[in-house]
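One structure below.
Worth knowing before you read on, the calculation uses all heavy atoms, side chains too, and leaves out hydrogens, waters and symmetry mates.
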Amino acid sequence: MTIQTPTDVVRHLLRDRTRIPVVAQAQAYAPANIALCKYWGKRDERLNLPVTSSLSLALGSLGSSVVLAPNPAHDVVTLNGQELPPDSAFVTRATAFLDLFRPGPGFGFRLEACNTIPTAAGFASSASGFAAVVRALDALFGWQLRDRELSILARLGSGSACRSIFPGLVEWQAGVAPDGMDSFAVPVGVEWPELRIALVLVSVREKELSSRVAMKRTVDTSPLYASWPATVARDLADIKAGLKARDFARVGAAAERNALTMHATMLAAVPPVLYWQPDSVRILQRLWSLRSGGLAVYGTMDAGPNVKVLYEARDEARVLESFADVQLVRPSGI
Ligand code: PMV
């Protein structure tokens, strides 16, 4: 069987496993993740296959908790205790993903999602959301898939979700196979309990341009995109070597450079993609001035205006006093 669509992937991975629930409801949790080396650009739009590998850090207790149960005929989706309108973007996306797993027409799901990562505060929660849904599906239907297979299924919901199947430092290996069966996340296997990340809030507004649209536009129109794969190859090697050696400056510098290069590729797209707000620039400038003053802090940014700051546990107090609207995170699994 050739695997070309998400439905083919699901059929291939589930093979003869049952599509009948084995429990009344299933609960699952997955952490959000922040990439130190970014995923930006797909080589296959339908299967969410990336142009390059990427590497992230899981955010411990910041993520998504979901409860999943069968529901007569149609889907009901709640977020943080509130039922969402069926035509909302969140429900449309969740329903389209759940379509891949329905035992048959007329089978609905009740999906109750709770985010401990602030959903409305512009921090990516789709990665933890899809990963938690995949774990809950596995428990509801009793599939007992391996983490690697769960990672592939989560990838179909949102690329970065494949990394949220694991705690700690995780590499999403891009793979080369057209069917994406070799494109999944694996733990990096580095323990570094002192590594920390802080979320610095700039805006609570929903992003205007989805990462999917922004990525495609960058790949299709940015003259800088041609150099992105080589940038990632260099930064990823640097970050991995830095992690192995517990060399914080090396990891931080490579992560910051990688994020800024990613945003540079977007800025050169036509029309330009700019997620930054004036306050994002102010925070980065503050961070650079703190660094010149000897504080080891490095910044990274995703498809939104908020800034994430990498630091080590011993500098916690100084990070807290240096930024307004900051949430300190203790990553899990490192
Ligand atoms: O997984 P998506 O489609 O939400 O894309 C994630 C893109 C970035 O957050 C900007 C980078 C990354 O690797 O997480």
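No donor-acceptor pair closer than 3.5 Å links the side chain of T52 to the backbone N or O of V232. Counting only distance, with no hydrogens or angles, the side chain of E149 and the backbone of R146 share a donor-acceptor pair below 3.5 Å. A donor-acceptor pair under 3.5 Å is formed between the side chain of S151 and the backbone N or O of A185. Of the possible polar contacts, none joining the R135 side chain to the A30 backbone as a donor-acceptor pair under 3.5 Å is found. Although no hydrogens or angles enter the test, the distance criterion places no donor-acceptor pair under 3.5 Å between the side chain of R291 and the main chain of A296. Not a single donor-acceptor pair under 3.5 Å links the side chain of T218 to the backbone N or O of A269. D220 contributes no side-chain N or O that, together with a main-chain N or O of R217, makes up a donor-acceptor pair within less than 3.5 Å. Of the possible polar contacts, one joining the S164 side chain to the P31 backbone as a donor-acceptor pair under 3.5 Å is found. S222 places a side-chain N or O within 3.5 Å of a backbone atom of T265 that can act as its donor or acceptor partner.
Taken from CZ in F101 to CZ in F107, the straight-line distance is 12.5 Å, to the nearest 0.5 Å. Note that CZ of R46 and OG1 of T7 are 9.0 Å apart. Values are rounded to the nearest 0.5 Å. Here CG of L68 is found 11.5 Å from CG of D138. Values are rounded to the nearest 0.5 Å. Annotation: the span from L295 atom CG to S322 atom OG amounts to 6.0 Å, rounded to 0.5 Å. Interatomic distance, T221 OG1 to K216 NZ, rounded to the nearest 0.5 Å: 10.0 Å. Going from atom CG of N33 over to atom CG of L62 covers 12.0 Å, rounded to the nearest 0.5 Å.
Partners of R314 under the salt bridge (Lys or Arg N to Asp or Glu O under 4.0 Å) rule, at least two apart in sequence or in another chain, are E312. The side chain to side chain donor-acceptor pair (under 3.5 Å) test applied to T78 returns no partner, not counting sequence neighbours. For T95, the side chain to side chain donor-acceptor pair (under 3.5 Å) partners two or more places apart in sequence, or in a different chain, are D75.
Within the structure, every pair that satisfies the salt bridge (charged side-chain N to carboxylate O under 4.0 Å, His left out) test and touches residues 176-196, not counting sequence neighbours, is listed here: R196-E316. Applying the ring-ring contact (aromatic ring centres under 6.0 Å, His included) test to every pair with at least one member in residues 264-302, sequence neighbours left out, gives these pairs: F248-Y298, H263-W276. A salt bridge (charged side-chain N to carboxylate O under 4.0 Å, His left out) check over residues 235-247, counting only residues at least two apart or in different chains, returns the pairs E171-K240, D235-R257, D238-R250, D238-R257.
Around the CD atom of Q144, the shell of radius 6.0 Å holds no more than 12 heavy atoms that belong to other residues, nucleotides or ligands. Enclosure of atom NZ in K42 by more than 12 non-hydrogen atoms of other residues, nucleotides or ligands within 6.0 angstrom is indicated. For I20, the CD1 atom is loosely surrounded, since the number of other residues' heavy atoms within 6.0 Å does not exceed 12. Under a cut-off of 6.0 angstrom, the local environment of CZ in R19 is crowded, with over 12 non-hydrogen atoms contributed by other residues, nucleotides or ligands.
Between W172 and Y39, the ring center distance clears the sub-6.0 Å criterion.
None of S64, S65, S128 except one satisfies the side-chain hydrogen bond (donor to acceptor under 3.5 Å, both in side chains) rule with N115; the exception is S64. Here the options are L328, I197, L320, the test is side chain to side chain contact (heavy atoms under 4.5 Å, CB included), and the partner is Y311; only L328 passes. Considering F90, F109, F130 as possible partners of F97, the one that fulfils the ring pair (Phe, Tyr, Trp, His ring centres under 6.0 Å) test is F130.
At a threshold of 4.5 Å between side-chain heavy atoms, the hydrophobic network of Ile, Leu, Val, Met, Phe, Trp and Tyr places L14 and V23 in one connected group. Using a 4.5 Å cut-off between side-chain heavy atoms of Ile, Leu, Val, Met, Phe, Trp and Tyr, with links allowed through other members, L84 and L111 fall into the same hydrophobic cluster. No chain of hydrophobic side-chain contacts below 4.5 Å, direct or via other Ile, Leu, Val, Met, Phe, Trp or Tyr residues, connects V67 to V22. Both L13 and F166 are members of a single hydrophobic cluster when ILVMFWY side chains are connected at heavy-atom separations under 4.5 Å. When hydrophobic clusters are built by joining Ile, Leu, Val, Met, Phe, Trp and Tyr residues whose side-chain heavy atoms come closer than 4.5 Å, directly or via intermediates, Y29 is not grouped with L57.
Between I152 and R155 there is a side-chain heavy-atom pair separated by less than 4.5 Å. Taking 4.5 Å as the limit, every side-chain heavy atom of L201 sits out of range of all side-chain heavy atoms of V307. Put simply, the side chain of M262 does not reach to within 4.5 Å of the side chain of T231, judged on heavy atoms. Under the 4.5 Å side-chain criterion, counting only non-hydrogen atoms from C-beta, L310 is in contact with L36. L287 is listed as a side-chain neighbour of E256, based on a closest heavy-atom distance under 4.5 Å. Contact of the V170 side chain with the V186 side chain is not registered, since no non-hydrogen atoms from C-beta on lie closer than 4.5 Å. A 4.5 Å side-chain heavy-atom check between Q25 and P70 finds every atom pair outside the cut-off. A heavy-atom distance below 4.5 Å is not found between the side chains of S183 and Q173.
For the 3.5 Å distance criterion, the side chains of T300 and K38 qualify, holding a donor opposite an acceptor. In summary, the side chains of W228 and T261 do not present any donor paired with an acceptor at a separation below 3.5 Å, with no hydrogens or angles considered. Inspection of the R163 and S54 side chains reveals an N or O donor paired with an N or O acceptor under 3.5 Å.
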Stepwise side-chain contact (heavy atoms from CB on, under 4.5 Å) test for L153 and L100: CA-CA 10 Å; L153 293 180; L100 295 170; over 6 Å; no

Can you check side-chain contact (heavy atoms from CB on, under 4.5 Å) on L156 and N48, steps first, answer last? CA-CA 6 Å; L156 301 175; N48 277 345; 5.7 Å; no

V251/W192 under side-chain contact (heavy atoms from CB on, under 4.5 Å): CA gap, chis, key distance, verdict: CA-CA 12 Å; V251 172; W192 195 345; 4.0 Å; yes

Going through the distances and angles, do V309 and V326 end up as a side-chain contact (heavy atoms from CB on, under 4.5 Å)? CA-CA 9 Å; V309 177; V326 63; over 6 Å; no

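A salt bridge does not link E83 to R110: none of the charged side-chain nitrogens sits closer than 4.0 Å to a carboxylate oxygen.
Residues A214 and L209 come closest through the heavy atom pair CB-CD2, 3.9 Å. Taking all atoms of both residues into account, the shortest heavy-atom contact from V329 to L199 is CG2-CG, 3.9 Å. Minimum interatomic distance between S158 and S126 (heavy atoms only, all atoms of both residues): OG-OG, 3.6 Å. Nearest heavy atom pair, residue T116 against residue S61, reads OG1-O, 2.8 Å. Between A198 and V319, the shortest heavy-atom distance links the atoms CB-CG1, 4.0 Å. Nearest approach of I334 to G168, heavy atoms of both residues: CG2-CA, 3.7 Å.
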